[in-house]
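Heads up, the thing below is written out as structure tokens.
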Amino acid sequence: MDTYMTKEYQELFHKLMQQEKTIAQLVEIIAAANKRIYDLDRRQLGYEHRLLVREHTLSLTSSANRSTPIAE
């Protein structure tokens with residue numbers, strides 16, 4: 001019976017080690033996905049900022065063109 005228990009424990013230990021490796025791989029996958037999401041978010045914020053600056057510049061330019069006419 002001692003041999004049986006040892007074999008059973010070895011099988012359980014092997015399964016536990018496989019699960020540990022799987023979990024470690026999943027954590028790496030999640031970390032890589034989070035990094036990609038963060039990078040995309042940073043790029044999107046930069047793009048939106050550039051659009052806002054462009055719109056603001058255009059509105060200043062168009063309001064300057066609409067300034068009061070010069071009296072003659």
Side-chain angles (χ1 to χ4, degrees):
M1 184 165 165
D2 207 20
T3 306
Y4 174 75
M5 293 300 279
T6 303
K7 184 176 180 182
E8 188 176 317
Y9 286 134
Q10 287 175 347
E11 288 174 6
L12 286 173
F13 181 78
H14 179 69
K15 286 181 182 180
L16 182 65
M17 291 295 106
Q18 284 180 325
Q19 289 178 349
E20 184 178 322
K21 287 179 183 177
T22 302
I23 290 169
Q25 289 173 339
L26 290 172
V27 168
E28 288 178 10
I29 291 168
I30 291 169
N34 283 342
K35 183 179 181 330
R36 290 179 65 197
I37 290 168
Y38 176 81
D39 291 343
L40 286 171
D41 185 53
R42 294 281 104 197
R43 277 195 276 166
Q44 180 66 27
L45 287 174
Y47 179 71
E48 289 173 2
H49 176 72
R50 286 190 304 272
L51 283 176
L52 288 173
V53 168
R54 184 182 301 156
E55 287 176 7
H56 181 71
T57 303
L58 288 174
S59 69
L60 288 177
T61 304
S62 64
S63 66
N65 289 339
R66 285 183 276 152
S67 62
T68 57
I70 301 173
E72 293 184 22

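We number each residue from 1, following the sequence as shown.
Listed by chain and number, the hydrophobic cluster partners of Leu16 are Phe13, Met17, where partners are ILVMFWY side chains within reach of under 4.5 Å, directly or through others. Under the 4.5 angstrom side-chain criterion for Ile, Leu, Val, Met, Phe, Trp and Tyr, the cluster partners of Ile23 are Val27.
Within the structure, no pair that satisfies the salt bridge (Lys or Arg N to Asp or Glu O under 4.0 Å) test touches residues 4-30, not counting sequence neighbours. Residue pairs satisfying the salt bridge (Lys or Arg N to Asp or Glu O under 4.0 Å) criterion with at least one member in residues 34-51, sequence neighbours excluded, are listed as follows: Lys35-Asp39.
In this structure, a donor-acceptor pair under 3.5 Å is present between the side chains of His14 and Gln18.
With sequence neighbours excluded, the residues satisfying side-chain contact (heavy atoms from CB on, under 4.5 Å) with Leu60 are His56. A search for side-chain contact (heavy atoms from CB on, under 4.5 Å) contacts involving Thr57 returns Val53, Thr61, not counting sequence neighbours.
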